[in-house]
Amino acid sequence: MYEEGSIIELTNRQKDVLELVRKNAPITGEQIAEMLGISKPTIRTDLSVLVMLGMLDAKPKVGYFPGHALLPEGQSLLKLQELRVKDIQGMPVIVRDTISVHEAVITLFLENVGSLIVADAESTLLGIVSRKDLLKVTLGNPNVTTMPLSLVMTRQPNLITIGPEDTVAEAARKMIHHQVDSLPVVLIHNEAGDTPRVEVVGRITKTGMTRVLLDLLLEH
């Protein structure tokens with residue numbers, strides 16, 4: 001069972017969800033929402049985050065029940081309360097905005113990643129381009145060998161990022177809410193008189209977070 005304060009920087013609503021599941025498992029999402037006096041879509045992201053972090057498990061047509069992180073044999077998962085993005089971030093795959101879409105496609109598959117981070121020579125974040133973005137622009141387009149990547153990348157203010165000191169839980173929440181598989185890890189430099197510079201220092205992925213959870217589970 002979990003103890004109050006032993007979970008990782010969750011919202012009050014997420015704590016309420018865990019308490020309801022602990023006392024009433026198995027319990028459906030509809031029942032949780034009804035007990036909290038809110039709609040099920042409102043807590044969908046909360047439930048997804050808690051499942052990703054191993055705090056809840058779910059079975060179709062049965063409901064939610066405590067996950068490995070809340071059971072005695074899975075107590076090592078509570079180490080997540082100290083885990084920050086910087087602890088599990090990987091090296092970013094960075095390209096320049098001047099390369100062609102064709103070159104970006106080649107890089108994407110050679111590096112075996114789902115998206116590319118676009119930055120300048122000083123690692124200042126300029127944009128992000130996903131596999132889906134590249135697929136859309138390359139299908140039936142004879143100009144991909146000359147089209148610059150800058151024409152298809154996503155730019156600010158539509159970039160979703162995370163800081164190295166943020167929790168892994170916050171990274172999971174952002175990925176689920178924005179439906180992305182990875183996030184650039186950035187540092188914000190507030191330079192006098194200028195727009196803050198966003199420096200890319202890493203990336204965090206759903207795969208990376210899942211690997212960490214598996215490693216913690218295998219400790220027992």
Do [X] and [Y] make a side-chain contact, defined as non-hydrogen atoms from C-beta onward lying under 4.5 Å apart?
X: Arg203; Y: Met91; answer: no
X: Ile128; Y: Leu116; answer: no
X: Leu125; Y: Ile117; answer: yes
X: Tyr64; Y: Ile32; answer: yes
X: Thr167; Y: Val85; answer: no
X: Lys206; Y: Val180; answer: no

Closest approach of [X] and [Y], non-hydrogen atoms and distance?
X: Leu149; Y: Ala104; value: CD1-CB, 3.7 Å
X: Gly163; Y: Val185; value: C-CG1, 4.0 Å
X: Ser115; Y: Ser182; value: OG-OG, 3.3 Å
X: Pro184; Y: Ile160; value: CD-O, 3.3 Å
X: Gly140; Y: Pro142; value: O-CD, 3.5 Å
X: Met175; Y: Asp181; value: SD-O, 3.9 Å

Between Gln14 and the options Thr45, Val49, Leu47, Ile43, the side chain to side chain contact (heavy atoms under 4.5 Å, CB included) test singles out Val49

Should [X] and [Y] be counted in the same cluster of Ile, Leu, Val, Met, Phe, Trp and Tyr side chains packed under 4.5 Å apart?
X: Leu108; Y: Leu139; answer: no
X: Leu134; Y: Val95; answer: yes
X: Val152; Y: Val93; answer: yes
X: Ile27; Y: Met55; answer: yes
X: Leu50; Y: Met35; answer: yes

At what distance, to the nearest 0.5 angstrom, does [atom1] of [X] lie from [atom2] of [Y]?
X: Lys40; Y: Gln31; atom1: NZ; atom2: CD; value: 10.5 Å
X: Ile94; Y: Glu111; atom1: CD1; atom2: CD; value: 11.0 Å
X: His102; Y: Asn143; atom1: NE2; atom2: CG; value: 13.0 Å
X: Glu103; Y: Arg96; atom1: CD; atom2: CZ; value: 12.5 Å
X: Met153; Y: Leu159; atom1: CE; atom2: CG; value: 8.5 Å
X: Ile88; Y: Ile204; atom1: CD1; atom2: CD1; value: 3.5 Å

Under the side-chain contact (heavy atoms from CB on, under 4.5 Å) criterion, do Leu36 and Asp16 qualify, and how do the steps go?
-> CA-CA 8 Å; Leu36 293 177; Asp16 290 340; 3.8 Å; yes

Backbone of [Y] reached by a side-chain donor or acceptor of [X] within 3.5 Å:
X: Arg84; Y: Glu165; value: yes
X: Thr42; Y: Ile38; value: no
X: Asp133; Y: Ser130; value: yes
X: Asn141; Y: Val137; value: yes
X: Asp120; Y: Ser123; value: yes
X: Arg155; Y: Ser150; value: yes
X: Asn112; Y: Phe109; value: no
X: Lys174; Y: Thr161; value: yes
X: Asn24; Y: Val21; value: no
X: Gln89; Y: Val201; value: yes

Could you tell me whether His189 atom NE2 has more than 12 heavy atoms of other residues or ligands within 6.0 Å of it?
-> yes

Determine whether more than 12 heavy atoms belonging to other residues, nucleotides or ligands lie under 6.0 Å from atom CD of Glu34.
-> no

side-chain contact (heavy atoms from CB on, under 4.5 Å) between Glu199 and Val186, worked out = CA-CA 5 Å; Glu199 178 189 4; Val186 302; over 6 Å; no

Answer yes or no: is there an ion pair linking Glu19 with Lys15, defined by an N-O contact shorter than 4.0 Å?
-> no

So, is the end of the Arg22 side chain (NZ or CZ) under 6.0 Å from the ring centre of Phe65 and within 45° of the ring's axis?
-> no

Can you find a side-chain donor-acceptor pair between Thr124 and Arg197 that sits under 3.5 Å?
-> yes

State, without any angle test, whether Thr145 and Ser100 hold a side-chain donor-acceptor pair at a distance under 3.5 Å.
-> no

